[in-house]
Each structure stands twice: as C-alpha cells, then as structure tokens.
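As structure tokens, the structure follows; a few thoughts come after it.
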Amino acid sequence: MHVMAVARDLDLPDWLIFSGAIYQPVLNHLTGRDPDYGIKDYDLGYFDPSDTSYEAEDVVIRRVAAAFAQPFNEMVEVRNQARVHLWFEDKFREPYAPLTSSEEALSRFTTTAFSVGVRLEAGDALTILAPFGLEDLFALRLRPNPTRQTTGFIRTAESAVRRWPELSVVAG
C-alpha cells in the first residue's frame, strides 16, 4: 500500500503496480508465509508514448527513487511500458509488439496467475486489472498465457514452485 500511495502521488501516466509486487503477497497469504517473503522488488509500470528514449525513462526512474526512503528507493523498479518493445527481444530473444497501455502489458505476462495489476485511486479505491481473471492466482495454479507463445513459462513456473511448492503447474 505504501508503494501504491507514493506512486499515486507521483501521478505518472497510466501507472500500475504489477508482477511480483501483486502476486507474491497473495501467494504468501494463501500459503501462510510472511507477507514480504520472496519479494525482491516492486514493479511500477507507466505508459508514456511521448518520449520512449531511455533518457526520458531514466528521469522518471530517478524521480520515483527520490520519492521513497530506503529500502523502497532501491526496490521500486520503474519501466515505461511504451518502450518495452525496444529492448525486450534483445534481452529475452522473443518478439514483443509495441503496447498501447500499461493494462495491455498484463496480457503479455508469462502465466495467467501473474497477470494482475493494481492502482490506488484518489479516495483510496483500488483498481484491479486481471485480463485472465483471478481464479488461477487464488487456486495456486500456474498455467501458460493462452494468448502468448513463450519459452519463458517453464522457467517462470519452476522458479515460482521453488518458492511456493504448493503451486500446481498446468502446462499447455
């Protein structure tokens, strides 16, 4: 909640907290672990197509880091979703078409259970976006993203199962 409150105050365009910052606390709660178990960072995505240069993204990265005290200033990982397609293929050896929003990024995650984003709105309401629903997450079930062919599913699933052996993996 602290990360979301600060992110809301930063007023970044089309921002979401997603990935491990969302699914890991849920898995921890469901399996009786400490809420922070396994969390190495908080992914903060925003979407700003007006400048997709690394330099513009770095300005936002520094601004976000300055808004947090330790340890959060080093744990909040910021990425402009409008520029992911510029580096993704080189890093992961898979094609990645340009996105049109932060919400669309959720539909590209490796597994349906991890495809959840949350934003804290004015008045403290939560917006929860989950293009594949929440059933797999709450059922402790990992299944590949049905709309994206990727070699990363097995690697992602194996890593998650090492931390949460209660997870079931449904391949294919």
Side-chain angles (χ1 to χ4, degrees), residues 3 7 12 14-31 33 35-49 51-58 60-61 64 74-119 127-172:
V3 172
L12 298 174
D14 187 19
W15 71 271
L16 288 170
I17 300 294
F18 49 53
S19 199
I22 302 303
Y23 74 79
Q24 289 176 352
V26 172
L27 294 177
N28 290 338
H29 175 75
L30 294 173
T31 61
R33 288 178 172 79
D36 294 329
Y37 171 80
I39 297 176
K40 65 178 174 66
D41 59 30
Y42 296 90
D43 292 300
L44 170 57
Y46 70 99
F47 189 84
D48 183 0
D51 187 345
T52 58
S53 69
Y54 172 78
E55 292 75 18
E57 182 180 63
D58 192 52
V60 175
I61 290 169
V64 170
E74 295 174 4
M75 294 178 70
V76 177
E77 187 172 295
V78 183
R79 293 292 174 264
N80 182 0
Q81 300 304 294
R83 68 178 306 277
V84 172
H85 68 282
L86 299 175
W87 55 263
F88 190 94
E89 189 167 353
D90 285 342
K91 184 172 181 176
F92 294 106
R93 306 286 181 237
E94 293 181 20
Y96 199 90
L99 295 165
T100 59
S101 67
S102 291
E103 180 177 0
E104 185 182 8
L106 300 173
S107 69
R108 308 267 183 98
F109 285 21
T110 306
T111 176
T112 56
F114 297 174
S115 299
V116 181
V118 180
R119 178 175 38 249
T127 294
I128 301 171
L129 302 168
F132 305 107
L134 297 171
E135 184 179 333
D136 282 345
L137 177 58
F138 286 102
L140 300 172
R141 181 175 46 237
L142 299 180
R143 99 177 52 242
N145 179 333
T147 64
R148 180 173 170 227
Q149 298 300 314
T150 178
T151 59
F153 172 73
I154 297 298
R155 181 181 65 249
T156 299
E158 288 173 348
S159 173
V161 169
R162 278 194 298 275
R163 290 174 285 160
W164 297 279
E166 300 88 347
L167 291 169
S168 64
V169 179
V170 179

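By convention here, the first residue in the shown sequence is residue 1. The analysis underlying the following values was restricted to heavy atoms, covering all of them including side chains, and did not include hydrogens, waters or symmetry mates.
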Test your reading of the model: is there a side-chain donor-acceptor pair from Asp136 to the backbone of Ala113, 3.5 Å cut-off? no
Should Glu166 and Arg33 count as an ion pair when the cut-off is N to O under 4.0 Å? yes
Looking at Leu140, Leu137, Leu167, which hits side-chain contact (heavy atoms from CB on, under 4.5 Å) with Leu30? Leu140
At what distance, to the nearest 0.5 angstrom, does CG of Leu86 lie from OH of Tyr96? 11.5 Å
Return yes if some donor-acceptor pair links the side-chain N/O of Asp43 with the main-chain N/O of Ile17 below 3.5 Å, else return no. no
Residues Val169, Val161; criterion side chain to side chain contact (heavy atoms under 4.5 Å, CB included); working and verdict: CA-CA 8 Å; Val169 179; Val161 169; 3.7 Å; yes
Heavy atoms only: give me the nearest Thr150-Gly152 pair and the separation to one decimal. OG1-N, 3.0 Å
Take atom CD of Glu94 as the centre, draw a 6.0 Å sphere, and report whether it contains more than 12 heavy atoms from other residues, nucleotides or ligands. yes
May I have the step-by-step check of side chain to side chain donor-acceptor pair (under 3.5 Å) for Ser159 and Arg155, ending in yes or no? CA-CA 6 Å; Ser159 173; Arg155 181 181 65 249; over 6 Å; no
For Leu44 against Ala7, the heavy-atom pair lying closest together: CD1-CB, 4.1 Å
Could you state the interatomic distance from CD (Glu77) to OH (Tyr42), rounded to the nearest 0.5 Å? 13.0 Å
Can you tell me how far apart CG (Leu12) and CZ (Phe47) are? Round to the nearest 0.5 Å. 14.0 Å
Passes salt bridge (charged side-chain N to carboxylate O under 4.0 Å, His left out), Arg93 versus Glu89? Steps please. CA-CA 5 Å; Arg93 306 286 181 237; Glu89 189 167 353; over 6 Å; no
When every non-hydrogen atom of Leu142 is compared with those of Ala160, the smallest separation belongs to CD1-CB, 3.9 Å
Do Arg79 and Tyr46 meet the cation-pi criteria used here (NZ or CZ under 6.0 Å from the six-membered ring centre, within 45° of the axis)? no
Check whether any side-chain N or O of Asn80 sits under 3.5 Å from a backbone N or O of Thr52 as a donor-acceptor pair, and report yes or no. no
Does His85, at its NE2 atom, have more than 12 non-hydrogen atoms belonging to other residues, nucleotides or ligands within less than 6.0 Å? yes
Nearest 0.5 Å, what's the CZ-CZ distance between Phe88 and Arg108? 9.0 Å
Between Phe114 and Phe109, is the ring centroid distance below 6.0 Å? no
Please examine the side chains of Thr127 and Val118, heavy atoms only from C-beta on, and report whether any two atoms are closer than 4.5 Å. no
Please examine the side chains of Pro144 and Thr111, heavy atoms only from C-beta on, and report whether any two atoms are closer than 4.5 Å. no
Can Phe18 and Val116 be said to form a side chain to side chain contact (heavy atoms under 4.5 Å, CB included), step by step? CA-CA 6 Å; Phe18 49 53; Val116 181; over 6 Å; no
At their closest point, which heavy atom of Ser115 faces which heavy atom of Leu106, and how far apart are they? OG-O, 3.1 Å
Measuring from Asp58:CG to Ser53:OG, what's the distance to the nearest 0.5 Å? 9.5 Å
Output the distance between atom OH (Tyr37) and atom CH2 (Trp164), rounded to the nearest 0.5 Å. 6.5 Å
Should we say atom CZ of Phe92 is surrounded by more than 12 heavy atoms from elsewhere, each under 6.0 Å from it? yes
Shortest non-hydrogen contact between Thr112 and Pro146, atoms and distance: CG2-CD, 3.6 Å
Ignoring hydrogens, what is the shortest heavy-atom contact between Arg119 and Leu16? Give both atom names and the distance. NH1-CD2, 3.5 Å
